[in-house]
Amino acid sequence: MKNHLWSLLSVLLVASCGPQDQPKETSTSFEQTWWKEGILYQIYPQSFKDTDGDGFGDFQGIIEKLDYIESLGITMVWMNPFFESPLVDNGYDVADYRAVLPRYGTMDDFQQMLDGFHQRGIKFVLDVVVNHSSIDHEWFKQSRSSRDNPYRDYYHWWPAENGEPPYRHSLFDPEGAWEYDSLSNAYYLHTFAEEQPDLNWENPKLRQEVYDIMKFWAEKGVDGFRMDAFQFASKDTTWPEFPEGHEKDFIKWYGMRPQLHEYLKEMYHEVLEKYDVFAVAEGAGSTFEDAHKLVDADRQELQMAYHFESVDMSRTPDGYELADFKEVFTKWDSAFAENGWIAIFLSNHDNARLVNRFGNPDPEFRTPSTQMLNTFLLSMRGTPFTYYGDEIGMTNMDMPKIEEYVDVEAKGKYKAALAAGEDMERFMEILNYSSRENGRTPMQWDDSENAGFTTGTPWKRVNENYLEINVAAQEKDPNSILNHFRKMAQVRNENPVLVYGNYELLQKDHPTVYAFTRTLEEEKMLVLLNFSEENSSITLDEIGDLDQIVINNYPDLDTSEGSITLLPYQAAIVKIN
Ligand code: TEU
């Protein structure tokens with residue numbers, strides 16, 4: 001590396017929009033806490049590691065991989081739901097919030113896994129799915145049994161004698177969100193699948209039940225909660241008619257009602273402030289103001305939220321514009337530069353794979369482009385959420401036929417498209433690219449049968465590229481995506497400037513390079529990311545002397561001729577003096 005050779009280089013900082021126009025603050029105004037400083041690793045337990053040969057991941061599998069997880073340098077784990085469930089929506093339909101699904105193991109296994117994380121200094125975040133339950137939950141069984149059952153008001157009911165309820169859109173059911181139930185001659189509401197009835201948060205008894213469930217898990221030692229679909233918990237239960245086409249602005253009409261904040265404050269005082277735990281909301285409303293109301297410290301509601309603007313950017317094979325990518329991340333950073341805290345993510349169990357959506361999955365570029373995206377994730381302000389498999393560059397899977405899909409959302413979308421007379425060839429092309437099943441395939445551990453995930457038949461086909469993309473192969477290669485991820489995690493863990501430092505976008509209009517600095521007191525780091533498969537040059541000036549290269553996914557960084565030339569998908573972080 002030419003670390004110091006090029007410290008004389010004068011680099012041109014071209015002013016751009018956003019926070020760099022404002023006076024610079026060099027010290028952090030944020031209260032420092034572990035959940036801001038952490039790196040979160042998301043585990044989809046069904047697909048991580050199976051030990052009993054049923055083709056379905058389990059707690060013992062995760063226990064077997066604890067050392068691997070620790071070796072990544074991550075400090076927090078969020079695990080998707082593992083509660084008792086009929087698995088209509090892979091566990092997001094909970095039948096008993098205090099019981100674990102036997103396929104994952106026993107409560108003792110859970111505790112052993114949790115202790116294993118804690119012994120390694122890793123915090124554990126529980127997925128709390130309480131916008132809705134499963135129809136198999138005892139509350140719903142009681143509730144639907146008769147109109148005067150004490151659990152009736154745990155859900156939203158519309159008596160059939162009042163006629164058809166006003167139309168409500170369902171995210172998963174093309175027939176809408178009201179389902180007729182003959183047992184009590186009434187309709188119940190389900191924002192998601194028909195088997196996921198919405199809980200009635202206006203009922204104080206229901207709210208207390210939820211807080212008790214959260215305490216139950218906090219007592220077991222979980223360190224945080226991820227509140228699933230929580231912005232929809234509060235609804236307008238005067239049930240007005242909504243205008244035609246309203247569902248396009250889904251959050252505005254279906255979520256973030258003012259009462260949501262009352263519920264969250266109550267939850268904060270009942271649960272969060274009594275334990276050293278934090279809560280992160282899935283979703284951040286539809287404006288910055290909404291998001292601030294959820295997470296600003298003085299509000300005493302939640303500690304973190306995540307927005308969908310980044311993942312919403314690239315939902316078709318047509319891709320996305322780097323300019324939009326920069327704009328989204330810059331504006332969210334700038335909106336939270338003073339108060340509040342957000343999570344940063346580019347993929348999860350509801351999305352296709354990171355490298356297919358934002359990088360380049362071609363064998364030639366898969367490694368550098370995934371490394372580049374991981375460098376980005378771990379160098380932004382906000383808590384990075386990284387998704388299992390992205391640390392080795394797992395890719396989408398080719399699933400051109402609808403028969404292969406098991407996901408309730410994919411099936412619902414297909415039905416809706418068919419009914420609307422859409423071009424089904426194009427529909428399948430988009431589904432194949434963007435379906436969340438792409439992100440749910442078994443973890444690729446090695447080149448043995450089924451990628452070492454199971455000795456049985458996996459619940460979901462293993463991606464055939466496991467022979468090339470797997471943990472074992474990457475362990476051996478110092479330049480692999482995996483080893484780069486580890487280095488990058490270490491860089492973040494050792495440099496508070498990457499956690500708390502001010503973010504400043506450089507050369508906003510550069511077509512292929514995303515460059516920014518992070519500054520905290522005397523420390524300054526320059527992050528350089530080439531989003532293209534071509535070499536890209538960038539000229540920076542008045543930024544200071546480039547000092548030491550902190551991380552680089554290529555052996556060198558070309559700083560000759562007064563500019564920096566980045567190789568395809570090159571990602572480097574450089575200290576500035
Ligand atoms: O997702 C909530 C949500 O808003 C979904 O519409 C999500 O954006 C969509 O699935 C994207 O493809 C949460 C969970 O993350 C998801 O896995 C569940 O299916 C859903 O809630 C219902 O619990």
Side-chain angles (χ1 to χ4, degrees), residues 40 42-47 78-83 85-95 97 125-137 140 168-174 177 189-199 210 225-235 247-256 260 280-286 290 305-316 343 345-353 357 385 387-388 396 405-414 416-417 430-440 460:
L40 182 145
Q42 182 189 346
I43 295 179
Y44 200 66
Q46 201 164 321
S47 299
W78 151 34
M79 198 172 290
N80 296 91
F82 47 77
F83 313 101
S85 162
L87 301 180
V88 170
D89 185 15
N90 287 11
Y92 281 93
D93 45 327
V94 180
Y97 293 94
V125 179
L126 189 83
D127 211 323
V128 182
V129 191
V130 287
N131 169 68
H132 46 267
S133 73
S134 157
I135 45 168
D136 288 0
H137 196 290
F140 190 72
R168 287 297 181 267
H169 186 72
S170 159
L171 286 168
F172 289 173
D173 185 344
L189 188 81
H190 60 89
T191 303
F192 294 91
E194 164 187 337
E195 296 85 351
Q196 294 169 298
D198 281 31
L199 289 162
V210 172
F225 301 103
R226 178 250 185 203
M227 307 304 300
D228 181 69
F230 200 70
Q231 51 197 358
F232 308 123
S234 154
K235 335 214 168 342
E247 63 273 11
K248 295 201 176 61
D249 206 348
F250 197 81
I251 294 170
K252 179 171 161 232
W253 291 94
Y254 289 84
M256 301 299 297
L260 189 74
V280 51
E282 188 206 17
S286 43
D290 278 352
Y306 60 83
H307 66 84
F308 292 108
E309 265 197 79
S310 46
V311 288
D312 281 345
M313 231 176 326
S314 171
R315 295 238 180 250
T316 73
F345 78 109
L346 289 172
S347 57
N348 64 20
H349 66 292
D350 289 333
N351 289 284
R353 279 288 170 187
R357 296 192 59 196
F385 281 34
Y387 188 51
Y388 88 95
N396 275 0
Y405 288 75
V406 290
D407 175 28
V408 64
E409 185 191 43
K411 290 197 234 171
K413 278 186 177 167
Y414 183 85
I430 295 178
L431 188 69
N432 197 4
Y433 170 77
S434 68
S435 153
R436 55 189 196 167
E437 287 195 36
N438 281 306
R440 298 178 175 187
K460 174 98 212 137

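Start at 1 and go down the list; that is how both ligands and their atoms are numbered. Everything numeric in this text was worked out from a predicted model, so none of it was measured.
- Between the side chain of D407 and the backbone N or O of E437, no donor-acceptor pair lies under 3.5 Å.
- Between F172 and F192, the ring centre distance stays below 6.0 Å.
- Between the choices V88, D89, D350, the shortest heavy-atom distance to atom 22 (C) of ligand 1 belongs to D89.
- Residues satisfying the side chain to side chain contact (heavy atoms under 4.5 Å, CB included) criterion with Q42, sequence neighbours excluded, are L40, W78, N80, N348, H349, Y387.
- In this structure, F345 and F308 have perpendicular ring planes: the angle between them is above 60°, well past the 30° mark.
- For atom 3 (C) of ligand 1, the closest non-hydrogen atom on the protein side is F192 CE2, 3.7 Å.
- Taking every heavy atom of H349 and a limit of under 4.0 angstrom, the matching atoms of ligand 1 come to 14 (C), 15 (O), 16 (C), 17 (O).
- In summary, R440 and D350 engage in a salt bridge, as defined by a charged side-chain N under 4.0 Å from a carboxylate O.
- Taking only non-hydrogen atoms, the option from N131, V129, D228 nearest to atom 14 (C) of ligand 1 is D228.
- The nearest protein heavy atom to atom 6 (O) of ligand 1 is closer than 4.0 Å.
- The protein heavy atom nearest to atom 1 (O) of ligand 1 is E282 OE2, 3.0 Å.
- Interface of H132 with ligand 1, defined as ligand atoms under 4.0 Å from a residue heavy atom, comprises 22 (C), 23 (O).
- The nearest protein atom to atom 9 (C) of ligand 1, hydrogens excluded, is given as E409 OE2, 3.4 Å; this is a heavy-atom distance.
- Ligand 1 has at least one atom lying under 4.0 Å from a heavy atom of R226.
- Taking the centre and axis of the six-membered ring of Y92, the NZ or CZ atom of R226 falls outside the cone set by 45° and 6.0 Å.
- Near L171, the atoms of ligand 1 lying under 4.0 angstrom from a non-hydrogen atom of the residue are 6 (O).
- Partners of R357 according to the salt bridge (charged side-chain N to carboxylate O under 4.0 Å, His left out) rule, which considers only residues two or more places apart in sequence or in another chain, do not exist here.
- One finds no salt bridge joining K411 and D89 here, because no Lys/Arg side-chain nitrogen approaches an Asp/Glu carboxylate oxygen to under 4.0 Å.
- Nearest protein heavy-atom neighbour of atom 10 (O) of ligand 1: R436 NH1, 2.8 Å.
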